[in-house]
Amino acid sequence: MVLPSGFTSAVKSIDTMKESLDMAFPPQSVTLTLEDDIDISRGDMIICPDNLPVAGQDITLMICWLNEKPMRPAANTRSNIPHVM
């Protein structure tokens, strides 16, 4: 299943530059070929329908601050944390 569109398909092949694979895992760079022609763009997720991601607005995180100036967090400060996938 592809989110957020909800389109479904099946994986036809998983390929690298050198070979075809039965499965892939991080940090491999692979090309997925699907059985159907679906438009999948940056930011979309390919997920297993029986393992849906949980949407929420609260997160727990650890910040590693590398600037020479001290970080000055405030209780009412909002931060934009872009996702990287």
Side-chain angles (χ1 to χ4, degrees):
M1 176 183 283
V2 179
L3 294 180
S5 69
F7 293 133
T8 60
S9 187
V11 175
K12 185 175 183 179
S13 67
I14 304 171
D15 302 304
T16 66
M17 294 284 286
K18 297 179 181 180
E19 62 186 335
S20 291
L21 304 172
D22 292 329
M23 67 175 72
F25 53 89
Q28 289 178 303
S29 294
V30 298
T31 299
L32 293 178
T33 304
L34 302 178
E35 294 287 346
D36 303 288
D37 186 20
I38 298 175
D39 182 19
I40 302 174
S41 302
R42 182 182 191 135
D44 289 355
M45 293 188 292
I46 301 174
I47 57 109
C48 184
D50 60 353
N51 190 16
L52 294 171
V54 178
Q57 63 184 16
D58 297 325
I59 62 170
T60 301
L61 60 97
M62 179 187 299
I63 297 175
C64 182
W65 188 258
L66 301 175
N67 197 318
E68 291 178 8
K69 297 178 183 177
M71 182 177 174
R72 297 183 185 196
N76 61 354
T77 301
R78 298 186 116 198
S79 298
N80 180 23
I81 303 171
H83 72 282
V84 178
M85 292 196 155

Can you see which heavy atom on [X] is nearest to which on [Y], and at what distance?
X	Y	value
V11	E35	O-OE2, 4.4 Å
I14	M23	CD1-CA, 3.9 Å
S9	I38	CB-CD1, 3.5 Å
D44	D39	OD2-O, 4.0 Å
A24	V30	CB-CG1, 3.8 Å

Practice prompt. To the nearest 0.5 Å, tell me how far L21 CG sits from S13 OG.
Written response: 9.5 Å
Response to the item:
dist N51:CG -> M1:CE (nearest 0.5 Å) comes out at 11.5 Å
All N/O donor-acceptor pairs, side-chain side in residues 62-69, below 3.5 Å, sequence neighbours left out:
from, atom 1, to, atom 2, distance (Å)
W65, NE1, K69, O, 2.7
N67, OD1, K69, N, 3.1

Discussion item. Quick one: does any side-chain atom of S5 pair with a main-chain N or O of F7 as donor and acceptor, under 3.5 Å?
Written reply: yes
Discussion item. Between I40 and L34, is there a side-chain heavy-atom distance shorter than 4.5 Å?
Written reply: yes
